There are 2 protein chains.
Amino acid sequence: MHPIPTIKDVALAAGVSIGTASKALNGQGQLRDETRRRVRAVAEELGYQPNDLAQSLHRKRTFMVGLISTDNYGRFSMPLLEGIEHALGTAELSVFLCNAADDSERERRHVASLLSKRVDGIIVTANRTDPRPPLDLLGSRVPVLYALARVPDDSALCLVPDDAQGARLAAEHLVGLGRRRIAHVTGPRDYEVVGLRQEAVREVLVAAGLAFPERRVLSGPWRATWGRAAAERLLSTDPDIDAVFCGSDEIALGLTGALRERGVRVPDDIAVVGFDNWEIIAEATVPPLTSVDMRLRDLGHEAATALLGLIDGERRQGVHRLPCDLVVRASSGAAGGAS
Amino acid sequence: MHPIPTIKDVALAAGVSIGTASKALNGQGQLRDETRRRVRAVAEELGYQPNDLAQSLHRKRTFMVGLISTDNYGRFSMPLLEGIEHALGTAELSVFLCNAADDSERERRHVASLLSKRVDGIIVTANRTDPRPPLDLLGSRVPVLYALARVPDDSALCLVPDDAQGARLAAEHLVGLGRRRIAHVTGPRDYEVVGLRQEAVREVLVAAGLAFPERRVLSGPWRATWGRAAAERLLSTDPDIDAVFCGSDEIALGLTGALRERGVRVPDDIAVVGFDNWEIIAEATVPPLTSVDMRLRDLGHEAATALLGLIDGERRQGVHRLPCDLVVRASSGAAGGAS
DNA sequence: TTGTAGGCGTTATCAA
DNA sequence: TTGATAACGCCTACAA
């Protein structure tokens, strides 16, 4: 039994023709019950596994999709992957992993390979939602969906977190807790989300009749060290702030640590809210960090489901922004937040 | 051009037979140069992409491999994935992602699916190196390789980091810097690596004529909060220690933060070394953390390469332990470590 | 130098 | 109720 048994072997062993064996195994056509059972028994015994390649050749679907990621499996990819893989897995689709690592040449090669394999669709993921060039489909018409990524093309379907809404959640949370002088320590200005979130915060504060002067928006790298530096700066230039909304949990971790070392009590003196809800970081923070959750796993799930829709001929397009959650822990000083 | 062009379309458009077109495209057989060129030109123009499924059907290789991960894309998966995908990508192999999430039923289904697709091989990854049940191949003979995972089966090929050697690096580093009273704050005892590392540390200390009493080995969860708790415990029960080797960077982060808040200077009073070299964490630590690097990306690369070997008929087996690195930063107080 | 025919493993149509 | 036969898209002897 060295060679993998084919349907031919099954047919032979069961004493029927190939066609009959096929019907028996797929429950097609009219067969005597006994025949069907016999064929199936033989197949079982031989450990017969239908050859997907041959099947795909015949149907017009392969039940395979490509997943092209343009970042190096960063922190965001994982929950996204999980959601995608979960949704597709339940639909019995298989996923091809392709890491293009921002190299457009590799991306082309991956696309070519996927097309050769006749995947039913492609999902493109990135680690930032700023527009990227559309995937070059090499003339093909495969359905494509962008998750946590955006392209300038209006006919494309893109799923991204609703950063503005997430920021609003955070700001409203702090305002609702009575904080009046809120600072925003965020990432580099050339990230679209930095602008979106900042505007959202401003709207909330203005609506609450609170000030939000320029000096309370501090922009720097997405790192813990920047959080520390920002803490120093805030304490020296704007010592009366009572809350900080950070653009990432890393920043919040650094900031919180620096505040504590300076004797500032969190959340009593200054409440802190992060963004990303990266559990490891949020729970390593002291006290544990209230943070905005982009629900990337759900986004991945949604993306996969939407791709299935596209494959089935739906025509959705445009940029869809999925709502974020706020996960409340102790750092913001909300009642019961002592997680 | 709605339907994807096949070689038949190319042949037709080029005015040759299918066989001739095939030869022209693959550089087989004897053809007039002009014919070859013409066929290729037509193919190019039509955007012809050979159908991999059809090709795979009669070569005996699909150039696809399955990647089964049994953890939920944890932190270790990322570099591992990267290494694997990179190595296989350069070899023009495609990777099927399968997250079994420790559910043996899902694992079976994934294996069945992979076998149906006639993958050339399978890589199994986990997040801990304790023995797991061997993959049930459903009777098939596909080459399998375990990366960052181990099975009790001696004929299997498993690649894991050399935790003992890594721990030795850390211990020797500290001893070399003159530290004499070294504690080890590590993970749960039921992890194999916890025992391996602890033994390695002991050997190094004993060889250096240093004591390593039981009370200096503190075991708990792999989390920052445990690091904090351990710091308290050490300061109260064993206040004269001058170095701590932590079982993970998370633990080290928590421990270091707690030490600083207690007024202990790191590294002057107590040097700290972590394990994992998780950059985000190591650099969020104050001061930046010296840490053992398991070189997972290399391990992934190695794994993929080894799998290619198995596919080509090599017969490697057994557990191979790949050496770790020590990445020196400021927390251990080594000269020049002020990264 | 090129075309034909058979096969890779399956499914579906149509006779028998 | 079952068995040929023709695809699916491609490759490779072998024949012309």
Side-chain angles (χ1 to χ4, degrees), chain A residues 1-40 42-43 46-64 112-113 115-120 140, chain B residues 1-40 42-43 46-64 112-113 115-120 140:
Chain A
M1 223 138 309
H2 223 185
I4 299 176
T6 73
I7 199 171
K8 194 161 153 191
D9 301 318
V10 175
L12 202 65
V16 296
S17 78
I18 291 183
T20 304
S22 172
K23 288 169 207 156
L25 293 169
N26 302 310
Q28 303 287 337
Q30 315 292 326
L31 264 65
R32 210 166 13 137
D33 249 29
E34 190 275 329
T35 311
R36 199 179 294 274
R37 260 196 295 276
R38 180 159 40 94
V39 172
R40 286 190 171 162
V42 170
L46 260 50
Y48 166 73
Q49 299 270 108
N51 185 326
D52 253 17
L53 304 176
Q55 291 185 317
S56 295
L57 200 54
H58 195 272
R59 353 182 150 96
K60 265 323 194 191
R61 292 204 31 190
T62 55
F63 293 96
M64 309 189 297
S113 164
L115 293 179
S116 289
K117 300 200 156 47
R118 301 298 187 260
V119 293
D120 293 334
S140 150
Chain B
M1 223 140 309
H2 224 184
I4 298 175
T6 74
I7 199 173
K8 197 162 151 189
D9 301 318
V10 174
L12 202 65
V16 298
S17 76
I18 292 183
T20 304
S22 172
K23 287 169 207 156
L25 293 170
N26 302 311
Q28 302 288 336
Q30 316 293 325
L31 265 64
R32 210 166 13 138
D33 250 26
E34 190 275 331
T35 309
R36 198 179 296 273
R37 259 196 295 277
R38 180 159 40 95
V39 172
R40 287 190 169 162
V42 170
L46 260 49
Y48 168 73
Q49 299 270 108
N51 185 325
D52 252 17
L53 304 176
Q55 294 187 159
S56 296
L57 202 52
H58 76 87
R59 8 174 133 93
K60 264 326 192 190
R61 291 200 37 186
T62 56
F63 293 97
M64 308 189 297
S113 164
L115 294 179
S116 288
K117 297 196 159 46
R118 303 296 188 261
V119 293
D120 294 334
S140 150

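Treat the numbers as computed from the prediction; the structure is a model and nothing was measured. In what follows, chains carry the letters A, B, and so on, assigned in the order in which the sequence lines appear, proteins first and then strands, with residues in each chain numbered from 1.
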So, does B/Asp120 use its side chain to make a donor-acceptor pair with the main chain of B/Phe63 at under 3.5 Å?
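Yes; at least one donor-acceptor contact below 3.5 Å.
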Give a yes or no answer on whether the side chain of B/Asp9 reaches the backbone of B/Thr6 with a donor-acceptor pair at less than 3.5 Å.
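Pair found, side chain donor or acceptor close to backbone of B/Thr6.
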Closest to the [X] side chain: [options]?
X	options	answer
A/Gln55	D/dC10, C/dT11, C/dC8	C/dT11
A/Thr20	C/dG9, D/dG9, D/dG3	D/dG3
B/Lys23	C/dT11, D/dC10, D/dA13	D/dA13
A/His58	C/dG3, D/dT2, C/dA12	C/dA12
B/Arg118	C/dT10, D/dC10, C/dT11	C/dT10
A/Thr35	C/dT10, D/dT1, D/dG9	D/dT1
B/Leu57	D/dC11, D/dG9, D/dT1	D/dG9

Between [atom2] on [N] and [atom1] on [X], what's the gap in Å once rounded to a whole number?
X	N	atom1	atom2	value
A/Lys8	C/dG7	NZ	C1'	8 Å
A/Leu12	C/dG9	CG	P	14 Å
A/Asp33	D/dT2	CG	P	10 Å
B/Leu53	D/dC8	CG	P	15 Å
A/Ile7	C/dG9	CD1	C1'	8 Å
B/Ile4	D/dC10	CD1	C1'	15 Å
A/Arg59	C/dG9	CZ	P	17 Å
B/Ile18	C/dG6	CD1	P	15 Å

Starting at the 5' end of DNA chain C, which residue's closest nucleotide do you reach first, B/Gln30 or A/Ala54?
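By nearest-heavy-atom nucleotide position, the 5'-most residue is B/Gln30.
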Below the 4.0 Å mark, does [N] have OP1 or OP2 next to a side-chain nitrogen or oxygen of [X]?
X	N	result
A/Asn26	C/dT11	yes
B/Arg32	C/dT2	yes
A/Thr6	C/dG9	no
A/Ser22	C/dT11	yes
B/Lys60	C/dG9	yes

For a 4.5 angstrom cut-off between non-hydrogen side-chain atoms, does [X] reach [Y]?
X	Y	value
B/Pro50	B/Ile7	no
B/Asn51	A/Leu57	yes
A/Arg36	A/Arg32	no

What nucleic acid atoms does A/Glu34 come within less than 4.0 Å of, heavy atoms only: base, sugar-phosphate, or nothing?
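Touches nothing.
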For residues B/Ser17 and B/Thr20, is any side-chain donor paired with an opposing acceptor at under 3.5 Å?
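Yes, because at least one side-chain N or O of B/Ser17 sits under 3.5 Å from a partner of the opposite role on B/Thr20.
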